[in-house]
S.K.: 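Take a look at this one; I'll ask things after.
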Amino acid sequence: METKGTLLFRKHLSEAEILTICKHFVEKNGIRSIERLTGHHRDTIGNLLTAVAEHATQMNDILIRELELTPVECDEFWTFVKKKKNMVSTTAQNQISQVMHGSTRA
């Protein structure tokens with residue numbers, strides 16, 4: 001229950017696997033490409049993309065701290081995620097908008 005309300009809640013992936021998938025998103029790989037690279041099903045990756053978007057503020061801190069991304073790279077990541085409109089809810093898109101455009105924290 002320690003993961004309730006976080007990105008990792010009800011995920012069958014480790015934090016390292018989630019970060020690896022996020023690295024591939026940052027490198028602008030598509031979902032099917034990431035599927036081939038990681039061996040995880042595209043639905044799992046799509047669901048992770050949705051969860052990442054819904055926890056954008058928390059995820060932004062992780063991207064900066066763990067992956068050592070710059071705020072510009074984070075904005076590119078969120079732009080990529082936001083383009084997947086059919087996978088990302090309105091709530092998630094609002095979360096993404098809050099962390100983009102210079103509002104990232106180091």
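The figures here come from the full heavy-atom set of this structure, side chains too, leaving out hydrogens, waters and symmetry mates. In this text the structure is predicted, and so the values were computed from the model without any measurement.
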S.K.: Looking at residues at least two apart in the chain, or sitting in another chain, which of them share a side-chain contact (heavy atoms from CB on, under 4.5 Å) with E35?
M.R.: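 side-chain contact (heavy atoms from CB on, under 4.5 Å) list for E35, sorted by chain: R32, H41, R42, I45.
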S.K.: So do the side chains of E54 and T50 get within less than 4.5 Å of each other, counting heavy atoms only?
M.R.: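 They are in side-chain contact.
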S.K.: So, taking the atom named CH2 in W78 and the one named CE in M59, what distance separates them when rounded to the nearest 0.5 Å?
M.R.: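 Taking CH2 in W78 and CE in M59, the distance rounds to 6.5 Å.
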S.K.: Find out whether L67 and L19 are in side-chain contact, i.e. whether some heavy atom of one side chain is under 4.5 Å from a heavy atom of the other.
M.R.: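 When only atoms from C-beta onward are counted, L19 and L67 do touch, with a gap below 4.5 Å.
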S.K.: What I'd like to find out is whether the side chain of S33 reaches to under 4.5 Å of the side chain of L37, using heavy atoms alone.
M.R.: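 S33 reaches L37 side chain to side chain.
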S.K.: When you measure from the side chain of T44 to the backbone N and O of H40, does any donor-acceptor pair fall under 3.5 Å?
M.R.: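 Not at all, since once roles are kept as given, no pair shorter than 3.5 Å links the two residues.
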S.K.: Counting only N and O atoms by type, is there a donor-acceptor contact under 3.5 Å from the side chain of T38 to the main-chain atoms of I34?
M.R.: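 Yes, because the side chain of T38 sits within donor-acceptor range (under 3.5 Å) of the backbone of I34.
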S.K.: Just how far is it from atom NE2 of H55 to atom CD1 of I62, taken to the nearest 0.5 Å?
M.R.: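 If I round to the nearest 0.5 Å, the distance is 10.0 Å.
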S.K.: Out of curiosity, T20 OG1 to F25 CZ, how far, rounded to the nearest 0.5 Å?
M.R.: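 Reported to 0.5 Å precision, the distance equals 12.0 Å.
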S.K.: Between CZ of F80 and CG of N29, what distance do you get to the nearest 0.5 Å?
M.R.: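 Interatomic distance, F80 CZ to N29 CG, rounded to 0.5 Å: 8.0 Å.
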S.K.: Check whether any side-chain heavy atom of F77 sits under 4.5 Å from a side-chain heavy atom of I96, and report yes or no.
M.R.: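 In short, these two side chains do not touch, never coming nearer than 4.5 Å.
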S.K.: Measuring from E27:CD to E76:CD, what's the distance to the nearest 0.5 Å?
M.R.: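 With rounding to 0.5 Å, CD (E27) is 12.0 Å from CD (E76).
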S.K.: Is there a side-chain contact between L13 and I21 in this structure, where contact means two heavy atoms from C-beta onward sitting under 4.5 Å apart?
M.R.: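 L13 reaches I21 side chain to side chain.
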S.K.: So does S14 get a backbone contact from the side chain of E17, meaning a donor-acceptor N/O pair under 3.5 Å?
M.R.: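 Yes: the side chain of E17 pairs with the backbone of S14.
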S.K.: Could you tell me whether the side chain of N47 and the main chain of D43 form a donor-acceptor pair under 3.5 Å?
M.R.: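 Present.
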S.K.: Can you tell me if E73 uses its side chain to pair, donor with acceptor, with the backbone of T70 under 3.5 Å?
M.R.: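 Confirmed, E73 side chain pairs with T70 backbone.
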